[in-house]
Structure formats: C-alpha cells, structure tokens
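Okay, so here's the structure we're looking at.
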2 protein chains.
Amino acid sequence: MTVHPGALSRSRRATKRPLLDVVAEVLLAQPGASLAEVAEFAGISRTTLHKHYATRDELVRAVGQRATDIWEQAVDRVADEPGTKAGLRQLLAAMIDSGPQLTFLWRNPALDEDNELTQRYIDVENRCLAVLDRARKEGVLAASTPDWWLLQTLYALVYTAAESIQFGKLAPLDAPDLALSTLLNGLGAPAAGAGSGKPDKGE
Amino acid sequence: MTVHPGALSRSRRATKRPLLDVVAEVLLAQPGASLAEVAEFAGISRTTLHKHYATRDELVRAVGQRATDIWEQAVDRVADEPGTKAGLRQLLAAMIDSGPQLTFLWRNPALDEDNELTQRYIDVENRCLAVLDRARKEGVLAASTPDWWLLQTLYALVYTAAESIQFGKLAPLDAPDLALSTLLNGLGAPAAGAGSGKPDKGE
DNA sequence: GCCGGGGTGAACAGTCATGTTCAGAACGGT
DNA sequence: ACCGTTCTGAACATGACTGTTCACCCCGGC
C-alpha cells in the first residue's frame with residue numbers, strides 16, 4: 001500500500017512521541033495489526049522498525065518493558081506519602097496518564113513468556129500492593145477488603161478512566177478525582193440528604 | 001500436531017457447552033489463536049468448524065452476536081425491579097456470569113464493522129443505561145454521577161469480578177455482592193469508628 | 001566538497017493461516 | 001442391513017505477514 005505524502009508527514013509529527021508509546025496504542029487498538037501497519041502509524045518505514053526491533057516478539061516485549069518502566073516510576077513517585085488520600089490520588093493520576101501502556105501490559109498474555117519481564121511485573125505489583133496495604137492500615141481504605149480485590153479494582157479504574165479520556169468523555173484533569181472518589185466512596189447515593197458529591201449542573 | 005485420543009475425548013466432553021462460548025474463551029485468552037487451535041480446543045475438527053462458520057470473520061461475529069444475546073437476556077431479566085439494589089445486584093450477577101462473552105464483545109474493535117451487531121449493541125447498552133438511570137432516580141445511585149461513568153464502572157466491575165473468578169481468587173457466589181458493594185460504597189474505610197467488619201450491603 | 005549514519009523503498013524466500021475439496025469413517029434412524 | 005447426515009483427516013492453492021538483503025537517498029558533521 002502506498003503512503004500518501006500528506007499522511008506521511010502527518011505521521012512524521014507523531015514520531016516525536018516515543019516510538020514504543022505509539023506502538024502500544026496501535027497494538028492495543030488492533031492487536032492483529034501487521035508490522036507494516038504499526039510502522040506506518042508510527043511514521044517510520046517497516047525496514048527501520050525491523051532495524052530497531054528485529055522480530056515482532058522483540059518489539060512487543062520492548063513495549064512491555066517500557067510499560068513496566070513507566071509503572072515503576074509511577075509507584076516510586078508516591079513513596080513519600082504512601083498511605084494518604086493524596087498519595088492514592090497521585091498514584092491514580094500517574095497510572096491513568098500512562099493508561100494505554102499499562103493496559104497493553106495487563107492485557108497481553110503473550111508477555112508472560114518473558115521471564116525477566118514477569119519478574120519485574122510481580123515486583124511492581126507488589127509495591128503497588130504495599131501502597132494499598134499501607135492505605136488500609138492508615139484507615140483510608142476499608143480494612144476488610146482483600147488486597148487482590150483492591151488491586152484489581154484499582155486497575156479497572158485506571159483502565160476505565162484512561163479509556164474515557166481517550167474516548168473524549170472525560171477531561172484529563174478530572175480523571176484522578178473521579179477515579180479516587182469512585183474508589184473510595186463508590187457511586188451509590190449518600191445515605192441521607194448530606195451532599196458529599198460534587199454538585200453538578202444538570203445535563 | 002496430532003491429537004492424542006485421550007485429549008480428544010476430553011475435549012469431546014467440552015463440546016456439550018455451546019461451541020461459541022468455548023470460542024469466546026479461547027479467543028479472549030489468545031486473540032491470535034489459529035482456527036486450528038480454536039477447533040482443537042472446542043473438541044471438533046477444523047473442517048467441521050469451517051462448515052459451521054465459513055470464515056474466521058463469520059465465526060467472530062457469531063460469537064459477538066451470541067454475547068449480545070446473553071447480555072440482552074441479562075438486562076431483560078431485571079426489567080421487573082429496575083431501580084432497586086436487588087435489581088442492580090441481579091444485573092451484576094447475570095453479567096458476571098457471562099463475563100467471558102461480554103468481555104470478548106467489549107474488547108473486540110473488529111466487531112464494530114458489523115452494522116447489525118453495532119445496532120444491537122447500542123440498543124442493549126441503552127437499556128443498561130436506562131436501568132442505571134432509574135436507579136439514580138430512585139436514590140440508589142448518586143445523582144451527580146454522569147451516566148457514561150456509571151456504565152463504564154459497571155462494565156469494569158463485571159470484567160474484574162469475572163476475571164477474579166476465573167483466576168480462582170473469587171468465589172462465584174460472592175461475586176455479585178462484592179461487585180455491588182464496591183459499586184455503591186467503594187473501598188474506602190467507613191467514615192467514623194463505627195466498626196463495619198465486612199463489606200456490608202446493609203439495607 | 002567528502003563522508004557516514006540513519007532512514008527508505010523494493011524485492012526476495014520462507015513460513016503459516018486460511019479456505020476449499022474430497023474420500024471415507026462414524027453415527028443414528030429405518 | 002441400508003441410508004443419510006455429520007464429522008473427520010488429508011491434501012492443496014492461495015494469500016498475507018515476516019524477516020532479510022541491498023542499493024539508494026537525505027542530512028549533518030568534518
């Protein structure tokens with residue numbers, strides 16, 4: 001398929017973004033995309049793509065590694081205030097920010113093959129669990145909730161918020177608060193008339 | 001690869017389950033699985049699979065249609081008590097029960113090509129929205145929450161609960177209550193020292 | 001101007017999934 | 001035993017993707 005000059009230059013601009021981020025998004029939207037499609041979307045030629053990552057497998061694993069890097073940094077950044085609401089908010093914000101990468105990581109069964117990556121994954125997940133556990137001990141999260149459910153719900157909210165942003169439904173700056181509020185308080189109506197929810201102009 | 005007689009007869013038993021359900025699970029776990037793998041997993045020959053569904057695309061769309069059927073039935077079943085907590089619980093239970101099928105439907109961008117399916121999808125989704133909206137008007141769900149966020153969170157909880165069950169972390173009978181409680185109350189600690197030992201669905 | 005690195009397009013062989021056909025086995029009903 | 005249906009294994013043609021190579025171009029440094 002021929003690349004139109006216009007389309008190519010348009011893609012060129014996208015090249016400024018880290019290659020692997022673009023790849024993550026493409027492969028997330030179309031898991032079966034060919035390398036030619038991936039390359040075109042990233043604004044480079046298939047040959048060049050092959051020069052950086054010899055095989056498809058290598059490329060996928062590189063995306064996984066980068067996603068893990070990002071996740072790691074996000075978790076590290078909340079090390080200072082681990083158990084507070086603000087800490088949770090910050091963690092959510094950082095993770096939602098990297099929604100596509102993380103979603104790619106979480107949804108790719110193929111990445112389990114890579115032992116090194118799996119080890120890092122477990123590592124970061126444990127640090128995530130530690131943050132949540134700390135929040136539980138601080139009385140921010142319910143003590144009775146199993147840790148795995150906390151974690152899975154966190155993932156679900158990150159993914160949902162990121163998708164809503166990408167879909168244009170949710171403003172990026174609103175996302176962390178919405179996710180945090182949902183995580184902590186749910187979406188049920190406040191018990192009595194005491195309005196705890198943000199007053200919202202009717203739609 | 002040759003199929004061992006033992007493995008084959010084992011698969012045969014699985015044939016009792018609707019073919020499309022098995023396909024949904026396989027394609028969910030390994031989106032890139034070949035038709036040969038799908039057929040083997042379903043306990044039939046590739047030839048037979050081709051006889052039922054001429055092309056891969058046709059097969060995928062059939063799975064999507066079936067998933068939509070199931071979803072439709074789940075939503076219909078709560079038509080009698082639309083706005084209550086019990087109604088929401090029932091909806092969650094039915095959807096979690098069909099977690100793999102629904103997840104397959106939600107995660108398959110390729111299905112958007114099928115116009116008929118897309119129309120049905122929108123239809124069911126709207127009925128889902130109606131149920132949630134009703135619950136909001138009844139004071140079960142917070143009035144300020146945007147409908148799309150309600151819906152997405154519902155999806156996320158269904159998917160997460162179903163996955164937790166499949167992973168062996170969550171008992172199927174516990175799932176609806178856990179999901180409902182999380183949806184309504186979140187996972188934050190109760191405001192004061194009022195000891196609530198377990199995720200309560202106190203009425 | 002010369003040079004080198006990175007990028008590009010084109011072509012190639014190899015591999016694999018797909019879709020199709022066919023002859024025959026297994027099964028169930030008569 | 002007969003017959004029709006369904007499933008099966010095998011083989012085949014086709015097409016797509018992959019991974020590789022090579023000649024060439026662009027661009028910035030020397």
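Since the structure is predicted, the reported quantities are computational estimates derived from the model, not experimental observations. Protein chains get the first letters and strands the later ones, always in sequence-line order, with residue 1 at the start of each.
- What separates CG of A/Leu35 from C1' of D/dT20 is a distance of 13 Å, to the nearest Å.
- For A/Asp57 and D/dC17, the CG to C1' distance is 15 Å, given to the nearest whole Å.
- In this structure, the CD atom of A/Glu40 is 14 Å from the C1' atom of C/dG9, given to the nearest Å.
- Counting atom types as modelled, A/Thr47 pairs no side-chain N or O with a base atom of C/dG7 as donor and acceptor under 3.5 Å.
- Atom P of nucleotide C/dG6 and atom OH of A/Tyr53 are separated by 14 Å, given to the nearest angstrom.
- Using a 4.0 Å cut-off between charged nitrogen and carboxylate oxygen, B/Glu72 and B/Arg120 count as a salt-bridge pair.
- For an aromatic pair to be called close, the ring centres must be under 6.0 Å apart, and A/Tyr155 with A/Trp106 satisfies this.
- Residue A/His52 places at least one side-chain N or O under 4.0 Å from the OP1 or OP2 atom of C/dG7.
- The nucleotide whose nearest atom lies closest to any side-chain atom of A/Ile44 is, among D/dT8, D/dT18, C/dT8, C/dT8.
- Residue side chain A/Arg46 does not reach the base of C/dG7 through any donor-acceptor N/O pair under 3.5 Å, judged by distance alone.
- Taking atom CZ of residue A/Arg56 and atom C1' of nucleotide C/dC16, one finds them 14 Å apart after rounding to whole Å.
- Distances shown here put every side-chain N or O of A/Thr48 at or beyond 4.0 Å from the OP1 or OP2 atom of C/dG7.
- What separates CD of A/Glu37 from C1' of D/dT18 is a distance of 14 Å, to the nearest Å.
- When rounded to the nearest whole Å, the span between CD of B/Glu58 and P of C/dG19 equals 10 Å.
- Rounded to an integer number of Å, the gap from NE2 of B/His50 to P of C/dT21 is 12 Å.
- A salt bridge is absent between B/Asp69 and B/Arg66: the closest approach of a Lys/Arg side-chain nitrogen to an acidic carboxylate oxygen does not fall below 4.0 angstrom.
- How far CD1 of A/Ile44 is from CZ of A/Arg46: 11.5 Å, rounded to the nearest 0.5 Å.
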